[in-house]
Each structure stands twice: as C-alpha cells, then as structure tokens.
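Data block below; observations after.
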Amino acid sequence: MSAAIQDVIMLFGDSITQGAWTPGLNGYGEQLTHVYARKLDVLNRGLSGYNTDWATPAFKKTIATRQEQEYVPKIRLLTIWFGANDSCIWPSPQHVPLDKFAKNLKEWVDLVHSSKSEHYSPDTRIILITPPPVNTYQRRADLESREPARLLDRDFETTRKYADAVKGVAQEKGVAVTDVWTALWEAAGKVEPSLSRFMYDGLHLNAEGYEVMYKALLATVRQNYPELYYDNLPETFPPWLQHAEQVAQAND
C-alpha cells in the first residue's frame, strides 16, 4: 500500500476527464501530472458517459469522510467538469433537466464545503468547469456514420445554457470557475463549424482542444488559488543536487 506522502488534485468529471490521459491527446490530466510531479498527485476520477445524477453516488464515495481524512492524502484541489452529457436532448437517458443539473452541482460543493457535511473538507479548493460547446455539424456526421446510424443528441444553444448554469453555481457558492465553453468558442472565432479544430467528433476534445482547456484551467488556479499554482509549491523531496552537495561537503 502506498504511503500518504503527497496531497492530491482530484479531477472529477465525465469522459472528457476520463480521457484526459489518453496517449497522443496531450490531455489536461497528463499535463497536470507533469507540472505537479513531486508536489501533488493527480487523480483521475472521470466517469465516461455519466451525468450528474449517476455521478452523485460516486462523488460521495470519492470524498473521504471526516473520520477517514486522518488517514488519507488531502484533496488540495478538486475540479468538477460535467454538463456535456446532462445537456443531451430529451429523451436521451443521459439528459438531466437544467435546474436539476445546477442543484446537483450545488450539493456537491456543499458536500465538501458545508460544516454540516460528513465529508467536510474546508481546505479543499474547488474549480467548476463549464462543458465545451458542441459542434453539431461534426457531431451529426459522426453519429450518422455509425452502424446503426443515430440521430443528433445534442444542441448548441442547450449546451450554452448548461455552461451558464455552471458559472451561476460557481458565483453563488463562491468557488472558482474555468469557462471552457467561452475559451473554445472564442478560439474558434465564434463559428460553430470551426470548433472541429478542437474536437475529433464534435463533443470530445482533441489535443488542440485540451491545450486551450489546460491553459484556461491553469489561469484559474493562478488567479484564484495562487498558493496551489505549481510554481508556488515546494517539492515533497529535495532535488538531487542537494544530496550531491551534502556528499561533496562530507568528502571535504
């Protein structure tokens, strides 16, 4: 069993989080793991296909209770990235109504930050992340190419509403937000078909998409939680040169 020598960053989300270590995509999980090496461990808690209703029981299991916190690494930073599936068009089984989606996010924040919660963790910093825009042109083509063909399951304006809801929850709860929807929309010149530059199927991010997201996320950390920005954290173990210097001094 690994000793609890480093605290953690936990990435909680859907397939766009689960796939953040996919080889060749340069995902944000992979990049965070690199820059936080020997400082904070990065945990992948992505659940492909999940919406916030299905993820709620899993979320409660991923956050240690007060009694458990004494024995496990602390979650220093928690990112929550949902909405891409919740915003599916009804009657998709992944659809979660907008007000219920917002309610679920609020309950998750309260689970961590409310002093009445069994999982209360006041030192955990939270970043909510908006779902990316959907490229319906690319998404429709991808679904129609499948066997059997499927109908378009997402809508551009609907996804925008879910992104706005995430920002509203962040403001209400006093936590930070990374607005991936706007970052990608602006990077695409506010032209929906141009989002194909950042996605491989109209929904999931490619390497360029993850790069935009990663930079936006780091900017959020630096602005809102500068004590957790990777350049501001000490390493858990000293650099090897410190050991080399000690050897040299001992041999003098």
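Atoms considered below: every heavy atom in the structure, side chains included; atoms not considered: hydrogens, waters and symmetry mates.
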For this session: If the plane angle is over 60° it's perpendicular, under 30° parallel, otherwise tilted; pick one for His95 and Tyr162.
Result: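 Ring orientation of His95 relative to Tyr162: perpendicular.
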
Exercise. Using the ring of each side chain (for Trp, its six-membered ring), is Tyr230 parallel, tilted or perpendicular to Tyr36, with breaks at 30° and 60°?
Worked result: perpendicular

For this session: State the CG-CE distance between Asn206 and Met199, to the nearest 0.5 angstrom.
Result: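 CE of Met199 is found 8.5 Å from CG of Asn206.
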
Under a 4.5 Å cut-off applied to non-hydrogen side-chain atoms, are [X] and [Y] in contact?
X      : Y      : result
Met213 : Trp81  : yes
His119 : Glu68  : no
Phe82  : Trp108 : yes
Phe59  : Arg45  : no
Tyr225 : Val175 : yes

Exercise. Does NZ or CZ of Arg222 fall inside the cone over Tyr229's six-membered ring, less than 6.0 Å from its centre and within 45° of the axis?
Worked result: yes

Give a yes or no on whether [X] atom [atom1] has more than 12 heavy-atom contacts from other residues, nucleotides or ligands under 6.0 Å away.
X      : atom1 : result
Gln171 : CD    : no
Glu235 : CD    : yes
Leu241 : CG    : yes
Tyr50  : OH    : no

With a 4.0 Å cut-off on N to O distance, would you call [X] and [Y] a salt bridge?
X      : Y      : answer
Asp164 : Lys161 : no
Lys173 : Asp110 : yes
Arg146 : Asp142 : yes

Backbone of [Y] reached by a side-chain donor or acceptor of [X] within 3.5 Å:
X     : Y      : value
Thr17 : Gly46  : no
Asn26 : Ala207 : no
Asn44 : Gln18  : yes
Asp7  : Lys74  : yes

Exercise. Below 6.0 angstrom between ring centroids: does that apply to Trp181 and Phe198?
Worked result: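 Ring centroids of Trp181 and Phe198 are no less than 6.0 Å from each other.
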
Problem set entry | From Val166, Ile16, Ile129, residue fulfilling side-chain contact (heavy atoms from CB on, under 4.5 Å) relative to Val180 | Ile129

Problem set entry | Between Arg154 and Asn135, a side-chain donor and acceptor under 3.5 Å |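 Judged by distance alone, the side chains do not pair up.
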
Exercise. Can you tell me if Gln138 and Glu192 form a side-chain donor-acceptor pair at under 3.5 Å?
Worked result: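 Side chains of Gln138 and Glu192: no pair found under 3.5 Å.
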
Exercise. Going hydrophobic residue to hydrophobic residue with side-chain gaps under 4.5 angstrom, can you get from Val42 over to Leu40?
Worked result: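 Val42 and Leu40: one cluster.
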
Problem set entry | For Arg76 against Leu233, the heavy-atom pair lying closest together | NH2-CD2, 4.3 Å

